[in-house]
Peer 1: 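I have a structure I would like to understand better, so I am pasting it below and will then ask my questions one at a time.
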There are 2 protein chains.
Amino acid sequence: MGLPVELESLVVHFGEMGSRWGFNRTVGQMFAVIVFIEEPLNADQIANMLSISRGNVSMGLKELQSWQLIRVHNVPGDRKDYFKPAGSIWELALQVLSERRKREVEPTLTLLRTQLMQEGRDHKAFSHERVTEIHDLIELFNTWFNDIQKLKPDSLQTLLKLGAGVGKVLDFKDKLISKDKKVSKTIKPED
Amino acid sequence: MGLPVELESLVVHFGEMGSRWGFNRTVGQMFAVIVFIEEPLNADQIANMLSISRGNVSMGLKELQSWQLIRVHNVPGDRKDYFKPAGSIWELALQVLSERRKREVEPTLTLLRTQLMQEGRDHKAFSHERVTEIHDLIELFNTWFNDIQKLKPDSLQTLLKLGAGVGKVLDFKDKLISKDKKVSKTIKPED
DNA sequence: TATAATTTTCAGAAATTTCTGAAAATTAAT
DNA sequence: ATTAATTTTCAGAAATTTCTGAAAATTATA
């Protein structure tokens with residue numbers, strides 16, 4: 001009963017996308033109202049805005065907290081819990097990616113590792129080779145993402161803006177290095 | 001019936017992860033058998049291995065084809081369609097990412113664009129500012145991913161291996177540039 | 001053209017996920 | 001310690017997704 005009209009399409013959309021992003025419709029909608037409304041909201045307000053049950057809101061808030069996308073905000077003199085986004089849009093986006101990596105690739109990496117540890121396996125077997133390939137790919141991606149996350153937001157932004165331009169820089173670096181070898185000076189990027 | 005025992009845990013796992021990766025359990029399992037078994041498989045073989053109905057297999061194959069993860073392989077003298085992965089593990093991984101971007105971020109980008117085009121909106125409104133931020137973030141990510149995809153596999157691999165080391169290379173590039181501008185300033189490779 | 005082989009479709013069944021709402025639990029105020 | 005405010009839980013209901021299997025459609029063969 002009280003969703004500001006200008007937010008309707010956004011909320012509906014976040015609901016529809018919710019399941020693709022790893023949660024369900026109402027959780028997606030709840031996230032939308034919390035992000036797009038400036039004031040922190042309490043559970044009853046959310047339930048009213050989205051016309052869903054109080055219990056559903058409670059579960060959804062738990063879910064969003066488990067994703068570390070929202071945090072409580074307490075108002076002095078009011079016993080209700082109010083909720084607001086856990087950071088800037090940029091931080092929220094990184095958080096979603098990070099959480100999804102944890103849920104979508106970590107378990108697979110674990111499985112592949114144990115598969116590779118198994119003694120008495122035919123290392124030449126076709127499936128074993130595929131397992132190795134996937135494992136190495138995920139490990140590579142994983143460490144890359146880990147590194148990336150540590151960058152300051154604006155370094156990361158620069159990096160994204162550069163895009164494939166990085167290729168050029170890398171080529172350039174290679175040239176420098178080979179030149180350096182001849183002149184015996186070393187530039188050592190982190191391995 | 002005839003799922004090779006050594007593939008059991010892999011297939012089960014790919015089934016469980018399926019929904020997190022954007023398809024459902026059986027589609028995940030089907031993908032697993034197609035990837036981990038060297039010989040191309042026909043629909044009946046898949047149905048038997050996974051003990052699922054022929055109709056389900058037909059739908060799943062369509063789904064995997066819509067993701068461009070498998071392709072048909074025709075055997076002369078055999079009217080059945082056989083299926084095999086649409087590329088190397090590396091290519092399949094990129095294809096999954098690409099398809100997920102299409103399904104998970106493209107629609108949102110479209111919505112945000114139209115929101116921002118809307119005439120007579122309060123550009124100072126809180127929600128409008130959030131929309132702008134999300135829009136810009138996604139556009140940035142989008143063009144970056146586009147660029148990245150064009151790189152040759154081994155360039156991309158180098159890039160991933162470098163990880164946060166890219167930051168160092170970038171710093172280095174910046175210094176070179178400022179050196180160009182200011183003429184004659186010393187380069188300090190190590191901070 | 002008729003027949004056989006294969007694939008696709010889709011209505012209803014089965015399985016799974018999500019949601020409600022009232023009761024239980026928790027927390028704070030008097 | 002009692003009462004009041006708030007949040008959480010969870011059994012069953014509702015909604016959604018997935019699956020089956022037989023019929024329809026398609027494609028190749030004789």
Side-chain angles (χ1 to χ4, degrees), chain A residues 1 3 11-12 14-34 40-67 70-84 103-104, chain B residues 1 3 11-12 14-34 40-67 70-84 103-104:
Chain A
M1 295 282 99
L3 180 65
V11 168
V12 168
F14 272 59
E16 283 166 354
M17 299 307 283
S19 49
R20 298 199 171 172
W21 297 339
F23 20 80
N24 64 37
R25 178 153 31 106
T26 45
V27 172
Q29 293 180 346
M30 289 173 56
F31 186 53
V33 296
I34 291 173
L41 300 172
N42 65 45
D44 289 315
Q45 294 175 308
I46 296 172
N48 286 332
M49 284 186 179
L50 302 178
S51 309
I52 57 178
S53 75
R54 188 50 233 280
N56 200 359
V57 171
S58 180
M59 294 185 295
L61 289 171
K62 281 278 163 297
E63 175 81 353
L64 286 171
Q65 282 175 299
S66 86
W67 281 74
I70 62 174
R71 71 161 53 104
V72 295
H73 171 88
N74 276 293
V75 175
D78 188 339
R79 282 173 57 183
K80 286 193 168 67
D81 285 339
Y82 288 78
F83 294 87
K84 61 179 184 183
R103 295 166 192 234
E104 295 172 11
Chain B
M1 291 217 74
L3 181 65
V11 167
V12 168
F14 272 59
E16 282 166 353
M17 299 306 283
S19 49
R20 297 197 173 174
W21 298 339
F23 20 80
N24 65 36
R25 177 152 35 104
T26 44
V27 172
Q29 294 181 345
M30 290 173 56
F31 187 52
V33 296
I34 292 173
L41 301 171
N42 65 45
D44 288 315
Q45 294 175 309
I46 296 172
N48 286 331
M49 284 186 178
L50 303 177
S51 309
I52 58 178
S53 75
R54 188 49 234 278
N56 200 358
V57 171
S58 181
M59 294 185 296
L61 289 171
K62 281 277 164 298
E63 174 81 353
L64 287 171
Q65 282 176 299
S66 87
W67 281 73
I70 62 173
R71 71 162 56 104
V72 294
H73 170 88
N74 276 292
V75 176
D78 187 339
R79 283 171 58 182
K80 285 193 168 69
D81 285 340
Y82 288 78
F83 294 88
K84 60 179 184 183
R103 296 166 192 233
E104 295 171 11

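Computed from a predicted structure; not experimentally measured. Letters go in sequence order (proteins before strands), and every chain restarts at 1.
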Peer 1: Nearest whole Å is fine: how far is C:dT7 C1' from B:L61 CG?
Peer 2: 10 Å

Peer 1: Measure CD/A:E63 against P/C:dT17 and give the value in whole Å, please.
Peer 2: 13 Å

Peer 1: With the sugar-phosphate defined as primed atoms, P, OP1 and OP2, and the base as all remaining atoms, what B/S/- string results for nucleotides 19-30 of chain C, 5' to 3', for protein heavy atoms under 4.0 Å?
Peer 2: SBB-----BS--

Peer 1: Please state how far atom CD in B:Q29 lies from atom P in D:dT18, giving the value in whole angstrom units.
Peer 2: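 Distance, rounded to whole Å: 13 Å.
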
Peer 1: Using whole Å, report how far CZ of B:F23 lies from P of D:dT17.
Peer 2: 17 Å

Peer 1: Using the test side-chain contact (heavy atoms from CB on, under 4.5 Å), find all partners of B:A47 that sit at least two apart in sequence or belong to another chain.
Peer 2: B:V57

Peer 1: Select from A:S19 and A:A43 the residue whose nearest nucleotide in DNA chain D is closer to the 5' end of that strand.
Peer 2: A:A43

Peer 1: Contact class for B:D81 (heavy atom, under 4.0 Å): base, sugar-phosphate, or nothing?
Peer 2: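 Answer is sugar-phosphate: B:D81 comes under 4.0 Å of backbone atoms only.
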
Peer 1: Round to a whole Å and report the spacing from CG of B:N74 to P of D:dT27.
Peer 2: 13 Å

Peer 1: Apply side-chain contact (heavy atoms from CB on, under 4.5 Å) to A:K84 and list each qualifying residue two or more places apart in sequence or on a separate chain.
Peer 2: A:P40, A:R71, A:H73

Peer 1: On the 0 to 90° scale, with breaks at 30° and 60°, tag the B:F31-B:F14 ring pair as parallel, tilted or perpendicular.
Peer 2: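 Judged by the thresholds at 30° and 60°, the geometry between B:F31 and B:F14 is tilted.
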
Peer 1: Taking atom C1' of C:dT8 as reference, at what distance in whole Å does atom CD1 of B:I46 sit?
Peer 2: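 So the CD1-C1' distance, B:I46 to C:dT8, works out to 15 Å.
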
Peer 1: Report the C-alpha distance between A:N42 and A:D81 in whole Å, list the side-chain angles of each, state the deciding distance to 0.1 Å, and finish with yes or no for side chain to side chain contact (heavy atoms under 4.5 Å, CB included).
Peer 2: CA-CA 6 Å; A:N42 65 45; A:D81 285 339; over 6 Å; no

Peer 1: Just to verify, what does B:N24 make a side chain to side chain donor-acceptor pair (under 3.5 Å) with, not counting sequence neighbours?
Peer 2: B:T26

Peer 1: Measure from CE on B:M30 to P on C:dT7 and round the result to the nearest Å.
Peer 2: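 It works out to 12 Å between those atoms.
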
Peer 1: Output all residues satisfying side chain to side chain donor-acceptor pair (under 3.5 Å) with A:W21, sequence neighbours left out; order by chain, then residue number.
Peer 2: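 Counting only residues at least two positions away or on another chain, A:W21 forms no side chain to side chain donor-acceptor pair (under 3.5 Å).
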
Peer 1: So does B:K62 get a side-chain nitrogen or oxygen closer than 4.0 Å to the phosphate oxygens (OP1/OP2) of C:dT8?
Peer 2: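 Result: yes.
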
Peer 1: With both distances under 3.5 angstrom, what nucleotide forms a Watson-Crick or G-U wobble pair with D:dG21?
Peer 2: C:dC10

Peer 1: Tell me every residue that passes side-chain contact (heavy atoms from CB on, under 4.5 Å) with A:R20, counting only those two or more places apart in sequence or in another chain.
Peer 2: A:M17, B:R103, B:E104

Peer 1: Using whole Å, what does the distance between atom P of nucleotide C:dT6 and atom CZ of B:F83 come to?
Peer 2: 13 Å

